[in-house]
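In what follows, a structure is listed as C-alpha cells, so that the remarks can point back to it.
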Amino acid sequence: MAESSGESSQITLLPMKKSSVLSGLPPEVEAIVAENERRNAAIRVKFNPITGEGSIGERKKIEISDFPIPVQYIPKRMMRVPLVKQLVAAGSIEAFFEELTDGEQEYTDEEKQKIIEQFVRIRCRFDFAFWAALYVFIKQKGGGEDIHFRLNRPQRKLIERFEAMRLKGKPIRLILLKARQWGGSTATQIYMAWLQLIHKVGLNSLIVGHVKDASNEVKDMFDRMIKEYPISMLYKLGESYNENEPKLVGVGNSGNIHRIPQRNCKIKIGTAEKPDSARGGDYNLVHCTEVGLWKKTDGKTPEQIVRSACSGILLKPYTMIVYESTANGTGNFFHKEYLAAKLRRSQFEAMFVAWYEIEQYALPITKETVPEASASGLTPTQAFALWLYNNRNNEAAASDREQPGTYLWSLWKQGATLEAINWYIQERSKYTSHADMASEYPSNDIEAFTFSGRRVFANEDVEKFRAACRPPKYIGEIYGRADEGEEALQNLRFRKEENGRFWMWQDVEKDEEEEVIDRYLVIVDVCKGQTEKADFADILVIDRIYMMDAEPPSVIAEWHGHIDMDKLAWKAAQVAAYYNNALLVIESNTLETNNTKGEAEYILTLIHDAYGDQLYARKQSAEDIREGLPKKYGFHTNPLTKKVVIHNLKAIVREHLYVEREEACLDEYLTYIENEKGGFEAMEGYHDDRLMTRAIGMQICYHEMDLPRIIKKPRQPVNHKRKKADSAATI
C-alpha cells in the first residue's frame with residue numbers, strides 16, 4: 001500500500017438510512033462491502049510466474065514429480081508439443097526417459113538436465129511471464145541490485161493484449177494511454193525483446209522517445225537485460241558458442257544503433273527532437289514512447305515523425321507498433337489516434353490503465369479514517385462504505401482540494417476498491433484542481449485528456465455525443481441551374497460525388513399535401529481567409545421536427561471547406577432552398593471584416609433579393625423602425641453576442657439537448673478555451689468553425705424560432721416575393 005503524502009482526511013458519517021436486521025447496514029451498503037471484498041480478492045489473487053499460477057492466458061495444471069518445479073500451471077497450448085504431452089503423461093522425467101529409450105539407455109543427471117532444458121525452452125517460447133521472471137533483470141525502484149522482472153497487474157493486462165493479437169496471427173498494433181508509474185514502457189520493450197530473442201531471428205526494433213534522455217532510459221533497460229541474459233539462450237539447444245563473445249555490438253559511429261549478432265537483429269534509438277534519428281527502415285518492431293509530449297521540430301510534425309518511423313512496417317504477423325504516452329491535452333496527434341483506435345477506425349487497438357488498477361494506489365481504511373465508526377458499531381470499512389453510499393448524489397465539494405460525493409461514487413462504479421478511493425481522497429488534497437490530479441492519476445480515458453487550461457466544455461459532457469456520430473449517408477454537392485443569382489435556386493438537385501464537401505446524414509423530406517413550417521434551419525460560418533491555417537467555411541443543416549414531441553433537434557447535413565465568400569453565400573442559399581426553403585442564418589461580421597461593409601451588405605442584399613424573407617435579419621429597435629432604416633441581414637457575432645451563444649451552447653452540451661453526427665465537431669469542443677481576457681477561442685492550431693455554427697444555430701433554434709407546426713398545402717401556388725426553388729433530389 002502506498003503512503004499518502006498529505007495529511008489524513010477524516011470522514012463524518014451521515015445519518016443511516018433503512019437498515020437490514022442482521023448488520024445494521026442498508027442492504028445496498030452490505031452489497032458494497034461484499035463487492036469490495038471480491039475486488040480485493042481479485043487483486044490479491046496469487047500470481048507466480050515461475051509456477052504459472054495466476055499467470056497470463058488459459059492454463060493447465062501439470063505435475064512432474066522429479067522436475068525442479070513439480071507442480072506447474074503451463075499455457076494450455078503447450079500441450080500440443082509432443083515432448084510436453086508425453087512428459088506430462090509419464091508423470092516424471094525418469095519415466096519419460098525410460099519410455100523414450102525403451103530402457104536401453106542409462107538414465108543420468110546429464111540426461112535429466114537435457115530434458116529439463118528442453119522443457120524450459122519450450123515454456124519460454126509459450127510463456128512470456130515465465131521467461132521474463134527467469135532471465136530478465138531490471139533496475140529496482142529506489143536503488144539496490146537489479147531484480148528479476150515480475151509483471152505487475154497492469155503489465156499483465158498489457159501483455160495479455162499483445163498476446164491476444166500475436167496468437168491470432170495478427171500484426172500487433174496498440175495505442176497505450178497510461179497513468180504514471182506502472183512500467184508500461186518497460187513491459188512493452190521487454191515484450192519486443194522476447195520476440196527478438198526467443199521467437200524470430202532478424203527482427204529489428206526501433207525505439208523513439210520525445211527527448212534523448214527518454215530514449216536512452218528505454219535503451220538502458222535493454223542493456224541491463226542483455227548484460228545478464230545467458231549467452232546459451234541466444235543459440236539453439238546444442239549449438240556451440242563462446243562464453244566471452246559479445247552479445248551487443250555497436251553499428252556505425254552514431255552510437256544509436258546496436259546489433260545482437262547471435263540473433264542477427266538490431267536495436268536503434270531515436271528522438272522526436274531529431275527526426276532523422278527516428279527514421280525507420282528495415283525494422284519490424286517500433287516503440288514510440290511519450291508520443292503525447294512530442295513537439296513540432298525541424299519543420300516536422302509529430303504525425304510526420306511517427307509515420308516516418310513506421311512507414312516501412314508491413315501489416316503481417318510478428319510486426320509490432322506501439323504508441324504509448326501519458327495524455328497531454330486534446331486535439332493533438334496522440335489524442336486523435338487514440339480516439340480512432342477506441343472507435344475501431346484504425347488498425348490499432350486502444351488500451352487505458354486507470355490509477356486504481358495499480359496496486360500501490362490504495363490505503364487501508366482505519367479507525368482514523370472514519371473516527372465515528374466505533375461509536376456507530378460499524379467496522380471502518382462498513383462506515384466508509386456507508387459514507388460513500390450516502391454521499392453518492394452530493395454534487396458539492398467541501399473545498400478545492402476535494403471531489404464531490406458524486407465523483408467518488410463514480411470511482412466505485414468504475415471498479416475502484418474502497419481502499420483505492422481512500423487513497424484518492426488523501427492524494428487529492430495535494431492539488432488545488434481536479435485537472436491537476438487527473439493529469440497525474442486519470443480515472444478513465446476521457447479524464448486523462450483533460451486540458452489543464454480553462455476549457456469551456458467538460459469532457460464528460462462532450463463524450464455523450466460521440467455515440468450518435470457516424471459517417472454520412474451521402475456525400476456530394478447541391479447544384480442549381482446556375483452558380484449564382486436567381487437561377488442558382490432553381491432546379492435544385494443533389495448529386496453524389498466521391499470528393500464532395502456536402503455530407504448528408506438525412507435527405508430533405510417533402511409531402512404533397514402537408515408542410516412543416518419552421519422545420520429546417522441552415523447556419524453559415526464564413527471562412528476567414530483561404531490559407532490552410534484559416535478556419536473553414538461551414539454550412540450546417542438542423543432538423544427541428546423532433547421538437548414538436550419535446551425531443552432534441554438533430555444535425556442532418558453539413559458543407560465544410562474553403563471557398564470565396566460570395567460563392568459561399570450562394571452555396572448556402574442553395575442548401576437552404578433545397579431543404580424546403582429553410583431559415584438561412586449567415587454570420588455577417590466576418591463578411592464585414594474581410595470585405596468592406598458595403599460589399600458585405602451588397603452580397604447579403606443579392607441573396608435576399610433571390611431568397612426572400614427566409615434570410616435571417618437581426619431584430620430592429622423601435623427607433624430603427626420609426627426611422628425606416630433597412631433591415632440588417634445576417635447574425636452579427638461580437639464580444640457580447642459571442643458570449644451569449646457560447647454560454648447557451650455550453651448549457652445545451654451539458655444537458656445533451658441536440659443530436660450531433662459529425663465527430664470532428666466534438667474535437668473542436670474539446671479544444672475550445674476561455675482565454676485570459678475572458679473571451680472564447682480555439683486553442684492555438686485548432687479551429688472552431690463547426691462549433692460556431694452549432695452555437696449560433698442552437699441560440700436561434702431554441703430562443704428565436706417558433707416550434708415547428710404542420711399546415712396543409714394550398715391547392716394553388718402562393719405567389720411569394722421570391723421564386724420557390726424547384727427542388728428534386730437525384731441521389
Side-chain angles (χ1 to χ4, degrees), residues 477-480 482-490 492 494 501-502 504 506 508-510 515-527 537-545 553-561 563-592 600-620 630-637 641 645 689-690 692-706 708 720-727:
E477 294 287 351
I478 289 177
Y479 293 97
D483 292 332
E484 59 183 47
E486 291 186 355
E487 289 190 349
L489 305 184
Q490 298 172 9
L492 289 169
F494 175 84
R501 287 176 289 182
F502 188 67
M504 186 187 292
Q506 180 182 311
V508 64
E509 291 186 353
K510 294 180 179 293
E515 182 178 0
V516 182
I517 303 299
D518 289 326
R519 173 176 182 175
Y520 296 111
L521 170 64
V522 175
I523 310 98
V524 184
D525 186 59
V526 180
C527 59
D538 195 73
I539 304 172
L540 183 72
V541 183
I542 295 174
D543 189 351
R544 304 175 69 246
I545 193 170
S554 177
V555 167
I556 61 168
E558 187 167 29
W559 188 98
H560 192 74
I563 188 174
D564 290 336
M565 294 184 186
D566 57 334
K567 292 181 179 179
L568 173 67
W570 286 111
K571 175 72 68 177
Q574 287 179 321
V575 170
Y578 179 85
Y579 275 92
N580 292 349
N581 305 306
L583 178 64
L584 173 59
V585 184
I586 300 177
E587 187 238 1
S588 63
N589 58 300
T590 304
L591 283 170
E592 296 170 4
E601 290 178 350
Y602 175 69
I603 292 173
L604 291 173
T605 298
L606 287 179
I607 298 297
H608 177 260
D609 288 344
Y611 193 63
D613 289 338
Q614 282 294 89
L615 178 66
Y616 177 86
R618 301 194 284 279
K619 292 182 179 179
Q620 288 183 298
K631 291 183 177 180
K632 295 180 180 180
Y633 295 105
F635 186 93
H636 187 78
T637 308
T641 59
V645 299
D689 40 275
R690 286 186 168 99
M692 286 307 301
T693 54
R694 275 75 173 171
I696 295 171
M698 290 302 122
Q699 178 68 25
I700 292 172
C701 183
Y702 274 100
H703 300 290
E704 296 191 29
M705 293 181 73
D706 294 330
H720 290 294
K721 173 184 176 181
R722 61 181 170 87
K723 298 177 181 179
K724 289 285 186 179
D726 184 16
S727 302

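Values below: every heavy atom of this structure, side chains too, minus hydrogens, waters and symmetry copies.
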Do the side chains of [Y] and [X] get nearer than 4.5 Å, heavy atoms only?
X	Y	result
V645	T637	no
I539	H560	no
I523	I700	no
R618	S588	yes
F494	V508	no
V541	Y578	no

Which heavy atom in [X] sits nearest to a heavy atom in [Y], and how many Å separate them?
X	Y	result
L492	A577	CD1-CB, 3.4 Å
P708	V516	CB-CG1, 3.9 Å
P553	I542	CB-CG2, 3.8 Å
V522	A582	CG2-CB, 3.9 Å
Q490	E486	CG-O, 3.7 Å

Do side-chain atoms of [X] reach the backbone of [Y] as a donor and acceptor pair under 3.5 angstrom?
X	Y	value
Q574	A488	yes
R544	D518	yes
T641	H636	yes
D566	I603	no
R519	D543	no

Query raised in the report: Where do D525 and L540 land on the side-chain contact (heavy atoms from CB on, under 4.5 Å) test, with the steps shown first?
Result: CA-CA 9 Å; D525 186 59; L540 183 72; over 6 Å; no

Could you give the distance from [atom1] ([X]) to [atom2] ([Y]), rounded to the nearest 0.5 Å?
X	Y	atom1	atom2	value
Y633	D613	OH	CG	6.0 Å
I545	Y520	CD1	OH	7.0 Å
D538	T693	CG	OG1	4.0 Å
E558	R501	CD	CZ	13.0 Å
L489	I478	CG	CD1	11.0 Å
Q699	M705	CD	CE	13.0 Å

Query - Set of residues satisfying side-chain hydrogen bond (donor to acceptor under 3.5 Å, both in side chains) with respect to E477, sequence neighbours excluded - result: W559, K571

Report task. Mind checking ring-ring contact (aromatic ring centres under 6.0 Å, His included) for Y616 and listing every partner two or more places apart, or none if nothing turns up? Result -> none

Query raised in the report: After noting the C-alpha distance and the side-chain angles of Q506 and Y579, does the key distance pass the side-chain contact (heavy atoms from CB on, under 4.5 Å) rule?
Result: CA-CA 11 Å; Q506 180 182 311; Y579 275 92; 5.7 Å; no

Query - Stepwise side-chain contact (heavy atoms from CB on, under 4.5 Å) check, V524 with V575 - result: CA-CA 10 Å; V524 184; V575 170; over 6 Å; no

